[in-house]
Amino acid sequence: MDDIQATAYLQNAARRGSQYGLQRIRALLCHLGNPQDTIRWVHIAGTNGKGSVLAYLAHILIRAGYRVGSFTSPAVFSRQETIQVNGVPIPREAFAVQMTNIARAAAQMDTPPTAFEMETALAMCYFQAQKCDIALLETGMGGAEDATNVVTSTLLEIFTPISRDHTAFLGDTLQAIATQKAGILKPGTVAVSASQPSEVEQVLRQACAEKQCALTIVDPHAVAHVQNMGAFQCFSYKAWHAVRIQMAGDYQICNAALALEAVEALRGKGIVVPDAAVYRGMEAAVWHGRFTILQHMPLVILDGAHNAAAADALRQALVSYCPGKRLFFVMGMFRDKDYGAVAARTVPLAAYVVTVTPPCPERALPAETLAKTVSAYGVPVETANSVSAAVTRCLCLAQPSDGIVVFGSLSILQAAEQAVCQYNGSLPGSEERYA
């Protein structure tokens with residue numbers, strides 16, 4: 001099959017929905033020769049911040065001279081972007097070749113694998129073919145029963161901030177959710193974690209003790225000298241001084257500190273990472289759709305905040321970066337998310353809100369339902385029949401000194417970026433988008 005056929009094959013598999021468990025992915029990888037066993041992994045679980053921490057670490061390891069694979073989810077701008085080697089998305093030809101092999105293997109199985117399981121297997125096969133020295137692996141949901149948890153040759157587990165999300169699958173308490181995410185721990189490995197709520201930290205410490213894993217937790221009190229330097233933030237953490245990052249938002253300091261702890265843990269496992277590679281990698285790292293600034297007059301920000309904790313982080317970032325600005329929001333949410341909590345944390349900052357229905361019929365929250373929730377805060381709100389129409393509406397209303405924030409679901413961000421570019425008479429370029 002070619003890349004178009006391969007994409008269609010995955011889309012058709014996605015219609016079967018998601019299923020938890022490792023039986024299918026293990027069977028699929030067995031048919032493919034178990035490529036996951038030939039690679040050293042860094043496994044990342046958590047509710048928010050996984051992609052950002054992965055980006056910091058990938059940029060650092062690449063600059064340290066390693067051939068680095070990375071697997072993230074979900075896709076925002078293209079399916080190929082979720083699988084990268086040294087920062088380069090998998091080429092369409094390679095995607096088609098690997099997908100053809102996976103489809104053949106899947107045809108031999110009694111129970112067909114899910115789309116995510118096939119994408120996970122595809123990444124593992126591609127990393128093996130590309131002879132990656134190390135690969136960074138982001139869980140799709142949870143940890144213990146997530147398809148990525150088929151790996152065993154793990155160097156390091158990373159836990160980003162854990163909060164309530166996917167409660168229908170992971171449990172309705174922080175302890176239950178943390179227990180699922182702690183399921184990625186492998187005996188005798190090392191783990192690092194962001195600062196967590198006390199009940200989450202207790203679960204992680206107990207799980208690490210049971211599996212004899214060393215655990216380091218980020219010390220937020222060790223973060224010092226935080227400065228906003230225009231396009232960059234600068235901070236110090238423990239022995240790391242004047243670290244520069246270009247990802248915006250107060251919460252990125254915490255993500256960056258976690259990445260620095262991960263570097264120290266990898267050094268303890270024999271991975272050579274020069275200081276210069278750390279500083280250069282931290283400064284170069286970017287991540288799609290996480291407080292991404294598209295333009296400045298008016299300010300246009302894309303953010304993937306879709307749960308309460310991410311909405312808290314977005315609110316704090318807007319308060320810091322947009323003091324005194326009149327803010328226009330474009331919001332689109334999935335109905336299985338706590339959209340009421342997201343609205344409660346963000347809408348009071350807005351002068352005007354336009355709601356949209358995300359392009360995902362089986363999960364999309366109707367724009368009208370979200371608008372009704374927003375209206376409870378006394379903020380003017382209207383609905384739009386497309387993301388493009390909503391963004392264009394805000395661009396027409398906004399003055400150069402105002403801000404426009406598009407958030408709620410990652411699935412609306414690509415259309416939002418395209419709408420901004422079309423309004424300005426330009427085309428989006430991947431080389432400039434996150435520079």
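- Under the 4.5 Å side-chain criterion, counting only non-hydrogen atoms from C-beta, Leu413 is not in contact with Phe407.
- In this structure the side chain of Tyr56 reaches within 4.5 angstrom of the side chain of Gln252, judged on heavy atoms.
- The distance from atom SG of Cys234 to atom CZ of Arg244, rounded to the nearest 0.5 Å, is 7.0 Å.
- The shortest side-chain heavy-atom distance between Thr189 and Leu156 does not fall under the 4.5 Å cut-off.
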Stepwise, does the side-chain hydrogen bond (donor to acceptor under 3.5 Å, both in side chains) test hold for Thr148 with His43?
-> CA-CA 8 Å; Thr148 62; His43 206 174; 2.9 Å; yes
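- By the neighbour-count criterion of 12 heavy atoms within 6.0 Å, atom CD of Glu362 is densely surrounded, having more than that number from other residues, nucleotides or ligands.
- Under 3.5 Å, the side chains of Asn255 and Lys50 contain no donor-acceptor pair of N or O atoms.
- Of the listed residues (Asp312, Thr47, Asp338), just one forms a side chain to side chain contact (heavy atoms under 4.5 Å, CB included) with Asn307, and that residue is Thr47.
- Closest non-hydrogen pair, Thr373 versus Tyr339, comes out as OG1-CE1, 3.5 Å.
- Summarising the geometry, atom CG belonging to Leu136 is positioned 11.5 Å from atom CZ belonging to Arg40; distances are rounded to the nearest 0.5 Å.
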Trace of the side-chain contact (heavy atoms from CB on, under 4.5 Å) decision for Val356 with Met331 = CA-CA 6 Å; Val356 298; Met331 296 179 65; over 6 Å; no
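- Leu370 CG to Arg335 CZ: the interatomic distance, rounded to the nearest 0.5 Å, is 13.5 Å.
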Step-by-step salt bridge (charged side-chain N to carboxylate O under 4.0 Å, His left out) determination, Arg267 to Asp275 = CA-CA 11 Å; Arg267 284 174 165 177; Asp275 285 0; 2.6 Å; yes
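- For the pair Ile245/Phe235, a side-chain contact is recorded, criterion being any heavy-atom separation below 4.5 Å from C-beta on.
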Mind running salt bridge (charged side-chain N to carboxylate O under 4.0 Å, His left out) on Asp133 and Arg67 for me, showing each step along the way?
-> CA-CA 5 Å; Asp133 299 308; Arg67 190 161 181 79; over 6 Å; no
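- Checked for salt-bridge contact, Lys238 and Glu264 miss the test: no charged N lies under 4.0 Å from a carboxylate O.
- Put simply, the residue from Glu145, Glu117, Arg24 that forms a side chain to side chain contact (heavy atoms under 4.5 Å, CB included) with Gln19 is Arg24.
- Summarising the local packing, NZ of Lys131 is surrounded by 12 or fewer heavy atoms from other residues, nucleotides or ligands at distances under 6.0 Å.
- Using cut-offs of 30° and 60° for the angle between ring planes, the Phe127 and Trp41 rings count as tilted.
- Each of Tyr279, Phe232, Tyr237 was checked for a side chain to side chain contact (heavy atoms under 4.5 Å, CB included) with Val243, and the lone residue meeting it is Tyr279.
- Proximity of Ile293 to Val300: side-chain heavy atoms (C-beta onward) are nowhere separated by under 4.5 Å.
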Just do the side-chain hydrogen bond (donor to acceptor under 3.5 Å, both in side chains) check on Thr154 and Glu157 with the steps written out, would you?
-> CA-CA 7 Å; Thr154 310; Glu157 292 94 2; 4.5 Å; no
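- The shortest distance between side-chain heavy atoms of Leu185 and Phe159 falls below 4.5 Å.
- A 4.5 Å side-chain heavy-atom check between Tyr377 and Val347 finds at least one atom pair inside the cut-off.
- One finds the CG atom of Leu266 at 5.5 Å from the CD1 atom of Ile134 (value rounded to the nearest 0.5 Å).
- Going from atom CD of Gln84 over to atom SG of Cys132 covers 11.0 Å, rounded to the nearest 0.5 Å.
- No more than 12 heavy atoms of other residues, nucleotides or ligands sit less than 6.0 Å from atom CD of Gln23.
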Test log, rule side-chain hydrogen bond (donor to acceptor under 3.5 Å, both in side chains), inputs Ser153 and Asp37 | CA-CA 6 Å; Ser153 51; Asp37 294 338; 5.4 Å; no
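- Leu29 CG to Cys125 SG: the interatomic distance, rounded to the nearest 0.5 Å, is 6.5 Å.
- Considering only residues two or more places apart in sequence or on other chains, Asp110 meets the side-chain hydrogen bond (donor to acceptor under 3.5 Å, both in side chains) condition with none of them.
- No more than 12 heavy atoms of other residues, nucleotides or ligands sit less than 6.0 Å from atom CD of Gln202.
- The environment of Lys372 atom NZ is sparse: at most 12 non-hydrogen atoms of other residues, nucleotides or ligands sit within 6.0 angstrom.
- Counting only distance, with no hydrogens or angles, the side chain of Thr355 and the backbone of Ala367 share a donor-acceptor pair below 3.5 Å.
- Other residues, nucleotides and ligands contribute at most 12 non-hydrogen atoms within 6.0 Å of the CZ atom of Arg92.
- With contacts defined as side-chain heavy-atom distances shorter than 4.5 Å, the pair Leu28/Thr120 does not qualify.
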Decide side-chain hydrogen bond (donor to acceptor under 3.5 Å, both in side chains) for Ser386 and Ser388; before the verdict, give the C-alpha distance in whole Å, the side-chain angles of both, and the deciding distance to 0.1 Å.
-> CA-CA 5 Å; Ser386 70; Ser388 177; 4.9 Å; no
